[in-house]
Amino acid sequence: KEHKETQQKLILSEKKFRHIFENIRDIYYQTDINGIILEVSPSVSRYTEYSREDLIGRAVTDFYVDISERNEFQKSLFKKGEVTDFEIRLKINEDKIAYTSVNAHLIYDDNSKPYKIEGIIRDITERKNSEIALKAALKKAEESDQLKTAFINNISHEIRTPLNGIVGFINLLNNFNLKHTEINDYINYIKQSSDRLIETISNLILLSEIETKQLKFDNTYFSVNSLISDIYNTYYHKALIKGIKLKINIQNPEEDSIIFGDETRYFQAISNIVNNAVKFTETGYIYFDYKICNNNIIFTIRDTGIGIKKEMLFKIFNKFRQSDSSDSRGYEGVGIGLSITKGIIEMMGGSIFVESEQNKGSVFSVKIPFNEELNNQIKYQVQDYSYADN
């Protein structure tokens with residue numbers, strides 16, 4: 001009778017254990033001391049593409065993303081006899097990984113020697129991804145705050161510097177003993193400071209209009225060659241003073257392209273790039289041209305300037321970004337020119353790209369949709385109109 005009662009208790013205990021084993025949501029496992037899987041609960045198929053039968057007999061090292069995590073796990077387990085909430089990345093199929101939390105302990109034989117490892121694996125991928133996303137968001141917020149602080153400091157500098165120059169030289173003009181040449185010099189300084197201040201304020205207003213989608217476009221027909229000539233004439237003397245060669249490629253008048261768009265916005269967008277090229281190039285040249293390709297007009301600006309760090313290539317078009325935002329950077333400007341350029345180009349349906357290597361120069365490419373068939377029709381209409389005037 002006692003024997004039968006004991007057997008019934010064992011059967012009930014086994015059923016209970018089997019029920020738990022088969023329905024546990026986490027993954028129960030056993031391995032030998034070398035990491036060969038001896039047992040694993042059927043729940044493994046909920047989280048991986050493997051069945052219980054697929055895994056028994058395989059080495060756990062087959063499923064580690066980083067074997068160093070296995071080494072750390074073993075080290076901690078054999079030192080303490082157990083581990084709690086040990087995080088391990090495991091492969092759940094050929095292409096996907098999961099973040100897991102493992103609780104495990106050693107099983108000892110009659111001689112007090114460990115011969116098995118038993119544990120529970122819990123999938124914490126969702127929680128881990130949330131933590132990673134939160135950390136990234138916090139980092140981005142901190143970075144954004146730092147960038148805004150640097151941006152405000154730059155604006156303060158770019159507004160105060162010309163204002164101080166204007167006020168200072170106006171006060172000097174109150175001296176009635178000044179020579180005529182000194183008066184002219186002071187007036188020139190005031191004009192330069194005024195132009196710099198107006199440019200800063202105009203760019204801030206323009207950026208605000210882009211951000212709020214309030215930027216307006218006054219579309220007309222205009223010549224691309226004339227646009228390039230205007231940009232060239234604007235920056236030729238500035239480049240000449242620095243000893244830089246500013247080169248442009250203007251197509252023959254017969255091949256000139258007539259665009260329907262806002263010439264002022266084209267000028268603002270592209271001249272910002274040319275201005276940066278002149279600013280950040282100390283020796284060498286700046287080359288500017290365009291081509292028609294696959295119903296796009298592509299403007300290219302090449303320079304032999306200081307270049308852009310690799311990690312900054314995808315950030316320089318962002319708001320509050322500069323290639324070098326340190327206080328010692330030695331170049332005037334708020335650092336929103338490329339943000340403005342990108343905003344204008346994208347509002348015109350285009351895109352901007354950059355290739356650069358530090359200390360070897362940069363290549364900026366601006367691509368804007370261009371209807372070649374419509375261009376030809378417009379070109380002939382413009383030519384016929386000019387002949388009629390003649």
Side-chain angles (χ1 to χ4, degrees), residues 139-140 142-144 146-158 161 192 196 199-200 203 207 228 231-250 267-291 293 298-346 350-368:
K139 183 179 179 182
K140 188 174 182 180
E142 291 172 0
E143 185 181 57
S144 178
Q146 292 171 359
L147 291 171
K148 286 177 182 178
T149 300
F151 177 70
I152 291 170
N153 289 338
N154 284 340
I155 288 179
S156 176
H157 173 77
E158 288 300 316
T161 300
Q192 290 172 9
R196 180 176 172 183
E199 181 184 2
T200 298
N203 281 338
L207 181 63
I228 292 181
I231 294 174
Y232 175 81
N233 292 331
T234 301
Y235 294 100
Y236 171 77
H237 290 289
K238 189 175 181 180
L240 187 65
I241 291 171
K242 294 187 69 174
I244 306 166
K245 292 181 180 179
L246 181 59
K247 306 175 184 179
I248 60 172
N249 178 24
I250 295 182
F267 182 91
Q268 287 174 326
I270 298 170
S271 65
N272 275 340
I273 303 174
V274 177
N275 182 52
N276 275 356
V278 174
K279 183 192 297 185
F280 297 111
T281 301
E282 300 300 330
T283 59
Y285 66 88
I286 299 164
Y287 185 75
F288 176 33
D289 69 352
Y290 78 93
K291 65 180 179 180
C293 181
I298 303 173
F299 298 91
T300 305
I301 300 95
R302 305 172 186 272
D303 68 61
T304 56
I306 62 174
I308 303 166
K309 296 177 182 178
K310 187 176 181 180
E311 62 270 21
M312 293 298 299
L313 283 176
F314 301 103
K315 298 179 180 179
I316 56 171
F317 298 109
N318 296 341
K319 298 185 296 295
F320 316 124
R321 276 291 186 185
Q322 290 176 301
S323 180
D324 181 5
S325 58
S326 63
D327 293 335
S328 61
R329 53 188 176 85
Y331 298 100
E332 67 179 45
V334 180
I336 58 176
L338 290 177
S339 298
I340 290 172
T341 294
K342 184 174 184 286
I344 293 174
I345 290 168
E346 288 182 348
S351 53
I352 182 169
F353 309 92
V354 60
E355 296 177 10
S356 184
E357 188 173 348
Q358 199 169 10
N359 301 320
K360 291 188 177 181
S362 305
V363 180
F364 283 84
S365 299
V366 174
K367 183 169 72 172
I368 300 174

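In this chain, numbering begins with 1 at the start of the sequence shown.
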Check: [X] side chain, [Y] main-chain N or O, donor-acceptor pair, under 3.5 Å:
{"X": "Thr304", "Y": "Thr283", "answer": "yes"}
{"X": "Thr300", "Y": "Tyr290", "answer": "no"}
{"X": "Lys242", "Y": "Thr281", "answer": "yes"}
{"X": "Asp303", "Y": "Ile286", "answer": "no"}

Would you compute the distance between atom [atom1] of [X] and atom [atom2] of [Y] and round it to the nearest 0.5 angstrom?
{"X": "Thr341", "Y": "Ile270", "atom1": "OG1", "atom2": "CD1", "answer": "9.0 Å"}
{"X": "Leu313", "Y": "Ser362", "atom1": "CG", "atom2": "OG", "answer": "8.0 Å"}
{"X": "Phe364", "Y": "Ile308", "atom1": "CZ", "atom2": "CD1", "answer": "4.0 Å"}
{"X": "Ile301", "Y": "Ile352", "atom1": "CD1", "atom2": "CD1", "answer": "7.5 Å"}
{"X": "Leu240", "Y": "Leu246", "atom1": "CG", "atom2": "CG", "answer": "10.0 Å"}
{"X": "Tyr236", "Y": "Ile244", "atom1": "OH", "atom2": "CD1", "answer": "12.5 Å"}

If every non-hydrogen atom of [X] is compared with every non-hydrogen atom of [Y], which pair is closest and at what distance?
{"X": "Ile345", "Y": "Ser351", "answer": "CG2-N, 3.3 Å"}
{"X": "Ile340", "Y": "Asn203", "answer": "CD1-O, 3.4 Å"}
{"X": "Ile344", "Y": "Ala269", "answer": "CG2-CB, 4.1 Å"}
{"X": "Ile231", "Y": "Ser271", "answer": "CD1-N, 4.3 Å"}

task = Sequence neighbours left out, what passes side-chain hydrogen bond (donor to acceptor under 3.5 Å, both in side chains) with Asn275? Give chain and number order.
result = Lys238
query = For Lys342, which residues count as a side-chain hydrogen bond (donor to acceptor under 3.5 Å, both in side chains) partner, sequence neighbours excluded?
reply =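 Result, side-chain hydrogen bond (donor to acceptor under 3.5 Å, both in side chains) vs Lys342: Glu346.
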query = Does Glu355 CD have over 12 foreign heavy atoms under 6.0 Å away?
reply = no
query = Is Phe267 atom CZ crowded by more than 12 heavy atoms from other residues, nucleotides or ligands, each under 6.0 Å away?
reply = yes
